[in-house]
**Q** 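Before we start, here is the structure in question, set down as structure tokens.
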Amino acid sequence: MALFTSRKQKKDIKVSFSGGLLNVESDGKSQVFPLDWYPKLLNATEEEQADWELTGNGIRWNKLDVDILL
């Protein structure tokens, strides 16, 4: 299971991929998204999954052109 943390942002965000799910932990809350909803993330390499940034509305994977609103 890969675990990625935002180092650029002030907010502590943890993003992990496991069992076909995207797990996002922020501000003591956990949100889970089925990767079936985001086929680009499902089929992405670990390196592509790790390349994300926090935006004003959620998380963005620039190379994959995927946004998740939080």
**Q** Which value, rounded to the nearest 0.5 Å, describes the distance between L22 atom CG and I68 atom CD1?
**A**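 Reported to 0.5 Å precision, the distance equals 4.5 Å.
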**Q** Let me see the working for V15 and W61 under side-chain contact (heavy atoms from CB on, under 4.5 Å), right down to the final yes or no.
**A** CA-CA 12 Å; V15 175; W61 286 264; 4.2 Å; yes
**Q** Going by salt bridge (Lys or Arg N to Asp or Glu O under 4.0 Å), name the residues that satisfy it together with D65, two or more places apart in sequence or in a different chain.
**A**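 For D65, the residues satisfying salt bridge (Lys or Arg N to Asp or Glu O under 4.0 Å) (neighbours in sequence not counted) are R60.
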**Q** Donor-acceptor pairs under 3.5 angstrom involving side-chain atoms of residues 32-41: please list them, not counting sequence neighbours.
**A**
{"residue": "K40", "atom": "NZ", "partner": "L64", "partner atom": "O", "Å": "3.4"}

**Q** Report yes if the side chains of D12 and S26 come closer than 4.5 Å at any heavy-atom pair, otherwise no.
**A**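 No. Closest side-chain heavy atoms not under 4.5 Å.
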**Q** Test N62 against E53 for side-chain contact (heavy atoms from CB on, under 4.5 Å), laying out the working first.
**A** CA-CA 8 Å; N62 287 317; E53 65 183 3; 3.2 Å; yes
**Q** Please round to the nearest 0.5 Å and tell me the distance separating atom CG of D51 and atom CD of E46.
**A**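 With rounding to 0.5 Å, CG (D51) is 13.0 Å from CD (E46).
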**Q** Using side-chain heavy atoms (C-beta onward) and a distance below 4.5 Å, is D67 in contact with N57?
**A**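 The answer is no, as the side chains (C-beta and beyond) never meet within the 4.5 Å cut-off.
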**Q** Consider only side-chain heavy atoms of I, L, V, M, F, W and Y, link residues closer than 4.5 Å, and tell whether L21 and L70 are in one cluster.
**A**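 No; L70 is not reachable from L21 via cluster members.
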